[in-house]
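We count residues from 1, following the sequence as given.
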Amino acid sequence: MRDERLVVGFLVFHLLVAAPGFALLSALGLVRLRPQALLAAAGPAFVVGAVAAGVPLIALVVLGVPVTPAVSLAVVGAVTLALVLVARLMRPAEVSVAAHAGDAPPRVEVVIERLVLGAIAVYFTVGSLAFTHVPTLWDDANIWSFKGMALFHHDGLIDGVGRNPQLSFVHLDYPILHPLLESSFFHAIGGQDLRLWHLELWLIFAALIWTLAWLLAPLGRRWLWVLVLAVVSVSGILIANITLGDADTTMAAYVGCAALSFGIWLDRGHRAHALLGAVFLAGGANVKNEGMAFGLAVGIALVIALMPSGVRARWRDLALAAAIAVLSVLPWQAWVATNPAAARATPSPWELADDPSFLVDRLSYLWRGIQQIAVQLTTTAEWGLIFPAFVVVALALVVVGRHRAVATYYGVASLLAIATVAYTYWVTSISDLGGFEQRTGPRIVLGIIFIIAAGLAHLLQLATRVAVSPGAEPAEPRSAEAREPRAEVGV
C-alpha cells in the first residue's frame with residue numbers, strides 16, 4: 001500500500017507542479033496546446049511551475065500562514081487558473097523563433113544532434129537509479145533538509161527554527177524554495193523520505209537541462225550546442241552536489257536558463273522571453289542567495305548591451321522583467337531583513353563602504369579568489385573546453401560585428417558573475433581560506449559555468465547562422481504586434 005501511495009503521489013506531485021508552468025508558458029505564447037508541444041515542454045513547465053507556485057507560497061510562509069497541503073493545492077490551483085484566464089483574455093500570439101530558411105542542417109549534423117540528445121536522455125534516466133539510496137550528509141542535513149522537515153512537520157518556519165539565534169549556523173538567511181519543494185514532495189508521497197529526495201533533485205537538474213535544450217531547439221542548427229549541454233550534464237561536480245543534497249546546481253541551472261532566455265530576447269526581440277527570463281531569475285534567487293548576485297550580474301549586462309539601442313519597447317520589456325524578478329524575491333528578503341537571527345555570512349558592498357582599509361588589507365584574498373576561479377573554470381576534466389571556447393566565440397562575434405549586442409551581453413554577464421564570486425573570497429570571514437577553497441571552490445563557480453555554457457550554446461548557434469546565411473541578422477521588432485508573432489517552441 002505504501003508503494004502504491006508513493007508512486008501515485010510521485011506522479012501527482014509532478015503534474016501539480018507542472019500545471020501552473022504549462023499555464024504560464026501558454027499565457028506567454030511559448031507553447032501550443034497540442035500533445036507533441038505539451039510533451040516537449042513538460043520539463044520546462046515543471047521548473048517554471050515550481051517558481052510560479054513557489055513564490056506565493058514563500059510569501060505565505062513569511063506572513064505566518066500555515067502552508068498545509070490544502071493551502072498548497074489552493075495556491076497551485078489559483079495560480080494556474082489565473083494564468084489560464086490571462087491567456088484566454090489576452091490571447092497572446094505564438095512566439096516565433098523559427099530558424100531561417102537557409103539554415104537547414106546537413107544530414108550528418110541531424111544524426112549527431114539526435115545521438116547526443118538521446119544519449120543525454122538515457123544518461124539521466126539510467127543515472128536516476130543511483131540516487132534512490134543516497135545518505136543525507138553535511139549541508140543537506142543542517143540546512144536544506146532541516147528546513148524542509150521543519151516545513152513538513154510545522155507547515156511553516158516556526159520561531160524555534162526560523163528565528164532561533166542558536167541556529168544561525170544553518171544559514172537562516174538562505175531562501176526556502178528548495179525546502180518548500182522538499183516539504184511538498186514529502187506530503188505528496190505520504191511521508192518524509194530523504195533518500196528519495198535526492199532522486200527528485202536529480203530529476204530537477206534533468207528538467208533544467210531539458211529547459212535549456214527546449215529554449216535553444218527552435219533557433220536553428222543544433223549539433224554544436226547539444227555538445228555543450230552534454231559536457232555540462234556529465235560534470236562530476238554537479239553529480240557530487242546533487243549527491244550531497246545541496247542546492248547549488250539547482251540555483252545555477254535556473255540562472256543559466258535565465259541568461260539564455262534573456263539572450264534569445266536580445267536576439268529575437270519577443271517580450272515573452274524577457275518575462276520568462278525574469279521567472280528563471282526569481283527561481284535562482286529563491287533557491288540560494290548567490291542566485292540574486294548572479295541575477296544582478298545578468299541584469300547589469302542587459303542594460304549595458306541595450307544602451308546603444310534606441311528602441312523603447314526593449315526598455316519597457318526589461319523594466320517589466322525587472323519588476324517581476326524584484327517582486328518575486330521581496331517577500332523572503334523582507335523576512336530576512338527583519339530577522340536578527342538570519343545574519344548573512346557575506347557582507348554586502350555598502351556595509352563595507354565606510355571601511356576601505358579592510359578591503360585594501362585583503363587584496364591578497366581577492367587575488368587568490370581570482371586564481372581559484374580561473375583554476376575551476378579551466379578544469380577540462382569537468383568542463384571540457386567550455387570556458388576558452390566561450391571566450392573565443394564571444395570575442396569573434398564582437399570583432400566581426402555580428403550579433404555584437406548578444407555577445408557583449410554574455411561576455412559582460414560572465415565577467416560580472418566572476419566578480420561576484422571573487423568578492424566572496426575578498427570579504428569572507430572564514431580564516432581557513434584553504435579549507436574554504438577545498439569545500440566550496442568547485443561549487444561556488446557553478447553560476448558562472450551555467451551563464452558561460454548557456455552563452456556558448458547560444459553564440460555557437462548564432463555563429464553557424466552567420467556562417468550559413470551571412471546576411472541573416474534578425475530584424476528589430478517595430479511594434480508590439482511584430483514583437484509577439486507566434487510559433488511553436490519545443491524540442
List the atom of [X], the atom of [Y], and the distance in Å for their closest heavy-atom pair.
X	Y	value
L201	G245	CD1-CA, 3.7 Å
A321	A274	CB-O, 3.5 Å
V31	A41	CG2-CB, 3.8 Å
I452	I386	CG2-CG2, 3.7 Å
S328	N286	O-ND2, 3.2 Å
Q461	L219	NE2-O, 2.7 Å

How about [X] and [Y]: do any of their side-chain heavy atoms sit closer than 4.5 Å?
X	Y	value
L16	L73	yes
L260	W225	no
F46	F13	yes
Q333	N289	yes
F280	L215	yes

Aromatic plane relationship, [Y] with [X] - under 30° parallel, 30 to 60° tilted, over 60° perpendicular:
X	Y	value
H178	W144	tilted
W332	W335	parallel
F131	W202	parallel

State yes or no: are the ring centers of [X] and [Y] separated by less than 6.0 Å?
X	Y	result
W210	F124	no
H187	F152	yes
F450	Y254	no

| said: I'd like to check the salt bridge (Lys or Arg N to Asp or Glu O under 4.0 Å) partners of E290; sequence neighbours left out, ordered by chain and number. | reply: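 Applying salt bridge (Lys or Arg N to Asp or Glu O under 4.0 Å) to E290 gives K288.
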| task | Apply salt bridge (Lys or Arg N to Asp or Glu O under 4.0 Å) to E382 and list each qualifying residue two or more places apart in sequence or on a separate chain. | result | none
| field | Where at least one partner belongs to residues 12-25, residue pairs that pass side chain to side chain donor-acceptor pair (under 3.5 Å), sequence neighbours excluded | value |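 Every pair satisfying side chain to side chain donor-acceptor pair (under 3.5 Å) with a residue in residues 12-25: H14-E200.
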